[in-house]
Number of protein chains: 2
Amino acid sequence: MPTSDTRAEATSPFLRELFDRDSLSPVRVRVEAQRSIYATGDEDDALYLIESGQVKLLMSSAAGQECLVAIYTAGDVFGESCLQGTGKRNETASAMQATVVRRVSRREFLAEVYRSNAYESLIRHLAARLAERQTAIFDLVTMDAERRLAKVLLAFAEKLGAPDGPYLRMQERISHEDLSQIVGTTRPRITKFMQGFRKAGLIQGKRAIVVDREKVREFLEQE
Amino acid sequence: MPTSDTRAEATSPFLRELFDRDSLSPVRVRVEAQRSIYATGDEDDALYLIESGQVKLLMSSAAGQECLVAIYTAGDVFGESCLQGTGKRNETASAMQATVVRRVSRREFLAEVYRSNAYESLIRHLAARLAERQTAIFDLVTMDAERRLAKVLLAFAEKLGAPDGPYLRMQERISHEDLSQIVGTTRPRITKFMQGFRKAGLIQGKRAIVVDREKVREFLEQE
DNA sequence: CTGCGTCTGTTCAGTATTGAACATGCATTT
DNA sequence: AAATGCATGTTCAATACTGAACAGACGCAG
């Protein structure tokens, strides 16, 4: 019974802390909204910590098809794909709003992991991300689009939302367009589902989305 | 343009070698066809090397829905999910035929990685698996079922097949049922697609599937 | 060589999903 | 306040997909 936070993953504190070490010399980079930090095919051999803002990770095909793999926010580390050691990115990281990141090269990062004997933590982290992706695959194969959307909303609410009675209030908006690229369906479909959810009381509001944790869980339970 | 071997992943030689070290004391286990090596919820804290046979990794829900995440064969290492350190399995590994595996506990495995200073290799391996899963997600979100099937066939042929002219001949069969759980569609659908592929010359034969690498690639290219 | 079980082939009605088009709403700029 | 631009809402015909049911083929154990 997979219940992981599909594509709204938390970063383990240890990874975050690594970026604070004096021995590292992270470069602080400010990125405009809609600008990419790295793109498919780039030779970018670094990891990033988000100081503020929001970043989406997307894969795309030559034909222009896109899929949103994950969204990261302040405190998250992303760019682990460089740990493959191929030197090339196979996805694009793009700022969803004005964002500030700290950048550390793979070599420096790994050297610091070595110095602090933190390999097992890093391995734990990667194994956990692997499990999350695996759960995402399971969801795509076995659940219908509506359910997948509910799950994604719940995941984001739990990651980004502030408690508000039985609700979780999300400050950051996610466009229907983005949601469709996460869920794997079309934009009009998302609109329809969202309306249904609103009617059923699973979510509330338009500007800031407010999610009723329990009701969404209930919806996901029912066969 | 993701082109990884979706769900037919090769194991890096270094991982395989680790299982040969004298300092490790792997337990050799013989598993009957259709028996599971570990199952969802099990407390199984080990990695496995396949000596002979074939293993499928599947995730399942309480409702009985299943999804085939990966297939591993002789020489592959699986069970990395234990590296999360939760002590519990969140997927099931099941022998598709009589299979012999070598089992090494996580602690022993990591100790050996430490002794041989091979952390970076392990990290590379995990990062690569992560990228593969990511590609699988992309495929599920952006491609239709027929294309996904073509891709899966190609991946397996390249992993398991022996060259035979322009073809790759697969000794091991994969049932339509299994394929449907990989691709995320129904069994009758797979049958239909396979017939279409046969007509178009992408594949040949019934017993042993024979795949025309080039033709399948062509099919995948065409938008 | 017979029966059994498993896998493949086939059909189909019902449903879900796509993709394209157009309409509306809501901020931001001028 | 009008104009602009972007996100959401709405519709619909065409298509893809599901799930269930049944038939045939094949391999294997008795």
Side-chain angles (χ1 to χ4, degrees), chain A residues 32-34 54 56 61 63-68 94-98 139-150 153 170-199 203-210 223, chain B residues 32-35 54 56 61 63-68 71 94-98 139-150 153 170-199 203-210 223:
Chain A
E32 305 287 301
Q34 323 305 337
Q54 206 167 14
K56 63 182 172 186
S61 71
Q65 307 233 69
E66 288 195 337
C67 157
L68 207 166
S94 149
M96 299 173 74
Q97 44 186 263
D139 291 347
L140 283 162
V141 168
T142 62
M143 310 199 306
D144 59 21
E146 189 175 20
R147 231 162 264 284
R148 258 149 40 214
L149 175 58
L153 287 176
M170 283 197 268
Q171 52 280 64
E172 312 296 357
R173 286 165 61 64
I174 306 178
S175 75
H176 291 189
E177 180 67 35
D178 278 347
L179 284 172
S180 74
Q181 290 190 350
I182 296 177
V183 167
T185 185
T186 55
R187 204 217 11 102
R189 211 108 243 286
I190 297 285
T191 302
K192 264 292 172 208
F193 292 147
M194 293 296 266
Q195 283 164 352
F197 290 166
R198 222 168 267 134
K199 233 168 241 151
I203 64 172
Q204 265 186 32
K206 296 216 168 178
R207 305 276 75 211
I209 296 172
V210 176
E223 175 243 358
Chain B
E32 305 287 300
Q34 323 306 336
R35 283 271 181 289
Q54 206 166 14
K56 63 181 172 186
S61 71
Q65 307 233 69
E66 288 196 335
C67 157
L68 207 165
I71 293 186
S94 150
M96 299 173 74
Q97 45 186 260
D139 292 347
L140 283 162
V141 168
T142 62
M143 310 199 305
D144 59 21
E146 191 174 18
R147 231 162 264 283
R148 255 144 47 210
L149 175 58
L153 288 175
M170 283 196 268
Q171 51 279 63
E172 312 297 357
R173 288 164 57 65
I174 307 179
S175 75
H176 290 189
E177 180 67 37
D178 279 346
L179 284 172
S180 74
Q181 290 189 353
I182 297 177
V183 167
T185 185
T186 55
R187 206 221 6 107
R189 213 109 240 288
I190 297 286
T191 303
K192 265 290 172 212
F193 292 148
M194 293 295 266
Q195 283 164 350
F197 290 167
R198 222 168 266 134
K199 235 167 240 152
I203 63 173
Q204 265 187 32
K206 295 216 169 176
R207 306 278 73 213
I209 297 172
V210 176
E223 172 232 3

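Note on naming: letters A, B, ... go to the chains in the order of the sequence lines (proteins, then strands), and numbering restarts at 1 for each one.
- Pairing each heavy atom of A:G205 with each of A:R198, the nearest pair is O-NE, 3.4 Å.
- At whole-Å resolution of the value, CG in A:L140 and C1' in C:dT17 are 15 Å apart.
- Distances shorter than 4.0 Å separate none of the side-chain N or O atoms of B:Q195 from OP1 or OP2 on C:dT8.
- Taking atom CZ of B:R147 as the reference point, atom P of C:dT18 lies 15 Å away to the nearest angstrom.
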Check nucleotides 14-17 of chain D against the protein and report each pair of N or O atoms closer than 3.5 Å, with its distance, or say if there are none.
residue	atom	partner	partner atom	Å
D:dC17	OP2	B:R189	NH1	2.4
D:dC17	O5'	B:R189	NH1	3.2

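- Following rounding to the nearest Å, B:Q34 (CD) and C:dC7 (C1') show an atom-to-atom distance of 13 Å.
- For the pair B:Q65 CD and D:dG19 C1', the interatomic distance rounds to 12 Å; values are reported in whole Å.
- The base of D:dG9 sits within donor-acceptor range of the side chain of A:R187, with an N or O pair under 3.5 Å.
- With rounding to the nearest 0.5 angstrom, the CZ atom of B:R173 is 12.5 Å from the CD atom of B:Q97.
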Hey, mind stepping through A:M96 and A:E172 against side-chain contact (heavy atoms from CB on, under 4.5 Å) and telling me if it holds?
CA-CA 10 Å; A:M96 299 173 74; A:E172 312 296 357; over 6 Å; no
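- Overall bending of the helix from C:dC1-D:dG30 to C:dT30-D:dA1, expressed as the angle between end axes built from five pairs apiece, is 40° (10° steps).
- Side chain of B:R187 to backbone of B:S180: no donor-acceptor contact under 3.5 angstrom is found.
- Distance CD (B:Q97) to P (C:dT6): 18 Å, rounded to an integer number of Å.
- The distance between atom CZ of A:R173 and atom C1' of C:dA27, rounded to the nearest whole Å, is 11 Å.
- In this structure, CD of B:E177 is placed 18 Å from P of C:dG5, rounded to the nearest angstrom.
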Verify side-chain contact (heavy atoms from CB on, under 4.5 Å) between B:V183 and B:F193, making sure each step is shown before the conclusion.
CA-CA 12 Å; B:V183 167; B:F193 292 148; 5.9 Å; no
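- Of the residues near DNA chain C, B:S175 and A:P188, the one whose nearest nucleotide (by heavy atom distance) lies more toward the 5' end is B:S175.
- Checked options A:T191, A:T186, A:L149; the residue passing with A:H176 is A:T191 (criterion: side chain to side chain contact (heavy atoms under 4.5 Å, CB included)).
- For B:R35, the CZ atom sits in a loose shell: 12 or fewer heavy atoms of surrounding residues, nucleotides or ligands are nearer than 6.0 Å.
- Contact record, B:G184 with B:R148: O-NH2, 3.6 Å, taken as the closest heavy-atom pair.
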Do B:V141 and A:Q181 pass the side-chain contact (heavy atoms from CB on, under 4.5 Å) test, and can you show the C-alpha distance, the side-chain angles, and the key distance before you say yes or no?
CA-CA 7 Å; B:V141 168; A:Q181 290 190 350; 5.7 Å; no
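- If you take CZ of A:R198 and P of D:dT10, they are 10 Å apart, rounded to a whole angstrom.
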